[in-house]
Amino acid sequence: MIWSSKVRIRPLRLASVRHTALMAVRFGVMAATEQECAEALALLCATLGARVVQQPAQLAGERWIARAVPTPAAPVREDRGREG
């Protein structure tokens, strides 16, 4: 479990989360500064095993947003790694 200064974040079981075109799972970060947004995005990706799809971008006013998606689980080999 990750603790930040304000919120408790529980890691997700990403192996069961599928990223598809029809129903995409996305994680978003909003912050007051670009640096704060980038740091929170890096923490989110490291904690949840996600990958960045949008670097920090400034919204109207003084807000910044960034997005990430779950990294797909590695495919399961049918032969379970056996040779021959």
Side-chain angles (χ1 to χ4, degrees):
M1 185 161 312
I2 302 294
W3 289 88
S4 75
S5 60
K6 298 180 182 176
V7 198
R8 194 168 88 187
I9 303 170
R10 290 188 176 151
L12 296 176
R13 287 182 24 168
L14 294 178
S16 64
V17 177
R18 287 185 27 184
H19 178 75
T20 64
L22 296 176
M23 187 63 158
V25 173
R26 299 200 184 283
F27 304 111
V29 173
M30 290 187 74
T33 67
E34 181 178 15
Q35 181 177 349
E36 185 180 48
C37 190
E39 290 172 1
L41 180 64
L43 176 62
L44 183 137
C45 289
T47 304
L48 300 179
R51 65 180 174 87
V52 176
V53 292
Q54 179 189 344
Q55 293 292 335
Q58 191 169 17
L59 298 174
E62 294 296 319
R63 296 182 300 168
W64 289 80
I65 189 169
R67 292 186 178 95
V69 294
T71 302
V76 177
R77 291 177 52 179
E78 292 299 320
D79 63 1
R80 298 180 188 221
R82 297 182 191 147
E83 296 287 327

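Positions are given from 1, in the same order as the sequence printed here.
Expressed to the nearest 0.5 Å, how far CZ of R67 lies from CG of L41 amounts to 11.0 Å.
Remark: Q55 pairs with no residue by the side chain to side chain donor-acceptor pair (under 3.5 Å) rule, at least two apart or across chains. Applying the side chain to side chain donor-acceptor pair (under 3.5 Å) test to E34 and every residue at least two apart in sequence or in another chain returns nothing. Judged as a side chain to side chain donor-acceptor pair (under 3.5 Å), and not counting sequence neighbours, Q58 has no contacts. With sequence neighbours excluded, the residues forming a side chain to side chain contact (heavy atoms under 4.5 Å, CB included) with A31 are E36, C37, listed by chain and number.
Looking only at side-chain heavy atoms (C-beta outward), P70 and F27 come within less than 4.5 Å of each other.
W64 and L43 fall into different hydrophobic clusters, where Ile, Leu, Val, Met, Phe, Trp and Tyr are joined by side-chain heavy atoms under 4.5 Å apart, directly or via other members.
Residues V52 and C45 approach most closely at CG2-SG, 3.8 Å, considering heavy atoms. Among all heavy-atom pairs drawn from R26 and V69, the shortest one is NH1-CG1, 3.2 Å.
Dense packing is recorded around CD of Q54, with more than 12 heavy atoms of other residues, nucleotides or ligands lying under 6.0 Å away.
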